[in-house]
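Have a look at the structure below, then the notes.
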Amino acid sequence: MRFATWNVNSVKARLPRLLDWLAGTAPDVVCLQETKVAADGFPEKEVAELGYGTAAYGQGRWNGVAILSRIGLDDVRHGFAGEPGYPGPEARAVSARCGGIRFMSVYVPNGRTPEDPHYTYKLQWLAALRDALVPDLAAGPLVVAGDYNVAPTDADVWDVTVFAGSTHVTPPERAALAAIRDIGLADVPARPLKGDHPFTYWDYRAGMFHQNKGMRIDLVYGSAEVAGRVSDAYVDREARKGKGPSDHAPIVVDLTD
DNA sequence: ATGCCTATTTCCAATAGA
């Protein structure tokens with residue numbers, strides 16, 4: 001099985017690239033984030049022509065997550081039990097069972113600044129996610145993949161001194177990720193196709209991608225059963241090149257059957 | 001060359017992203 005996660009930064013704006021990438025990469029399951037469309041605006045017909053079923057959870061202008069699968073898509077859930085809102089629900093998590101594994105696509109709140117109420121919301125959201133994953137993990141193989149908006153270590157940003165006082169690197173955010181791993185989820189390491197760091201995000205501005213000044217904030221967390229089946233995982237930086245890319249690159253994971 | 005920000009919207013200028 002091949003699965004992937006990708007923050008596409010608008011599925012409408014990215015549709016031609018998404019379709020080309022699906023055809024070329026041929027993943028069985030894809031977790032998408034920042035689709036930025038309501039459920040009725042998702043290009044289900046276009047991905048169906050490539051053989052994918054869709055579970056989309058969207059709200060329009062911001063956020064929006066989806067799972068595409070060509071190996072079945074059952075028991076779809078929007079959000080998770082106890083998920084906080086700001087103040088109301090936001091479309092940041094969707095899960096479904098595909099090929100014997102429960103996949104959850106997550107788009108963790110950005111947090112803006114450590115002083116902002118959105119930062120408190122981010123920490124609460126991660127804590128609630130951890131609690132909600134405990135029963136999911138007990139139920140069977142699990143993958144929680146997406147844009148976590150946290151760089152787990154100092155090596156996961158291009159220059160840690162630049163991030164002093166910023167979100168994404170603070171100890172409470174990293175502790176929230178560690179708490180999620182501690183219930184029994186492993187960080188599936190992805191190899192970079194170039195350079196020493198498997199960055200997944202590069203700011204559009206100032207040629208950051210071309211200087212490889214990026215961040216590793218998109219992550220794949222898998223249960224032990226899944227982690228034990230990983231035969232390869234890589235960041236597809238090719239998808240960050242060229243005209244009209246997302247600012248995030250996909251992570252592609254191969255599992256032995 | 002990979003090439004110097006992008007996507008959204010009842011306000012097309014303001015907001016958000018990280």
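None of these values were measured; they are calculated from a predicted model. Sequence lines set the chain letters: A, B, ... in the order given, protein chains first and strands last, and positions in each chain run from 1.
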Give the rounded distance in Å between these two atoms: [atom1] of [X] and [atom2] of [N].
X	N	atom1	atom2	answer
D116(A)	dG17(B)	CG	P	9 Å
R61(A)	dA13(B)	CZ	C1'	11 Å
Q59(A)	dT9(B)	CD	C1'	14 Å
R92(A)	dA16(B)	CZ	C1'	11 Å
D203(A)	dT6(B)	CG	P	10 Å
F163(A)	dG17(B)	CZ	P	16 Å
D218(A)	dG17(B)	CG	P	15 Å

NA contact type, [X], heavy-atom cut-off 4.0 Å: base, sugar-phosphate, or nothing?
X	result
G242(A)	sugar-phosphate
M208(A)	nothing
Q211(A)	nothing
H168(A)	sugar-phosphate

Any side-chain N or O of [X] under 4.0 Å from OP1/OP2 of [N]?
X	N	result
Y107(A)	dA18(B)	yes
S166(A)	dA18(B)	no
H248(A)	dA18(B)	yes
N9(A)	dT6(B)	no
R205(A)	dT6(B)	no

Do [X] and [Y] make the cut of ring centroids closer than 6.0 angstrom?
X	Y	value
W125(A)	F80(A)	yes
Y107(A)	Y148(A)	no
Y86(A)	H118(A)	yes
W6(A)	W21(A)	yes

Starting the side chain at C-beta, find the nucleotide from [options] nearest to [X].
X	options	answer
H210(A)	dT2(B), dG17(B), dA7(B)	dT2(B)
F209(A)	dC5(B), dT2(B), dA7(B)	dT2(B)
R112(A)	dA18(B), dA16(B), dT8(B)	dA16(B)
I217(A)	dT6(B), dT8(B), dA18(B)	dA18(B)
K194(A)	dT9(B), dA18(B), dT2(B)	dT2(B)
W62(A)	dA16(B), dT9(B), dA18(B)	dA16(B)
K36(A)	dA18(B), dT8(B), dC5(B)	dT8(B)
N7(A)	dT9(B), dA18(B), dT2(B)	dA18(B)

Expressed as a whole number of Å, how far does the [atom1] atom of [N] sit from that of [M]?
N	M	atom1	value
dT15(B)	dG3(B)	C1'	27 Å
dA14(B)	dT2(B)	P	37 Å
dA18(B)	dC12(B)	C1'	24 Å
dA16(B)	dT10(B)	P	14 Å
dA7(B)	dA1(B)	C1'	27 Å

Q: Considering only NZ, NE, NH1 and NH2 on the basic side and carboxylate oxygens on the acidic side, decide whether D28(A) and R70(A) come within less than 4.0 Å.
A: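 The answer is yes: the pair qualifies as a salt bridge.
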Q.
Salt bridge check, D196(A) against R191(A): does any charged N sit closer than 4.0 Å to a carboxylate O?
A.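 Looking at D196(A) together with R191(A), the answer is no, because their closest N to O distance does not fall below 4.0 Å.
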Q | R237(A) or M215(A), whichever maps to the more 5' nucleotide of DNA chain B | A |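 Checking each residue's closest nucleotide, the 5'-ward one belongs to R237(A).
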Q: Measure from NZ or CZ of R216(A) to the centre of the six-membered ring of F199(A), then state whether that distance is under 6.0 Å and the direction lies within 45° of the axis.
A: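 Geometry flag: not set, cation outside 6.0 Å or 45°.
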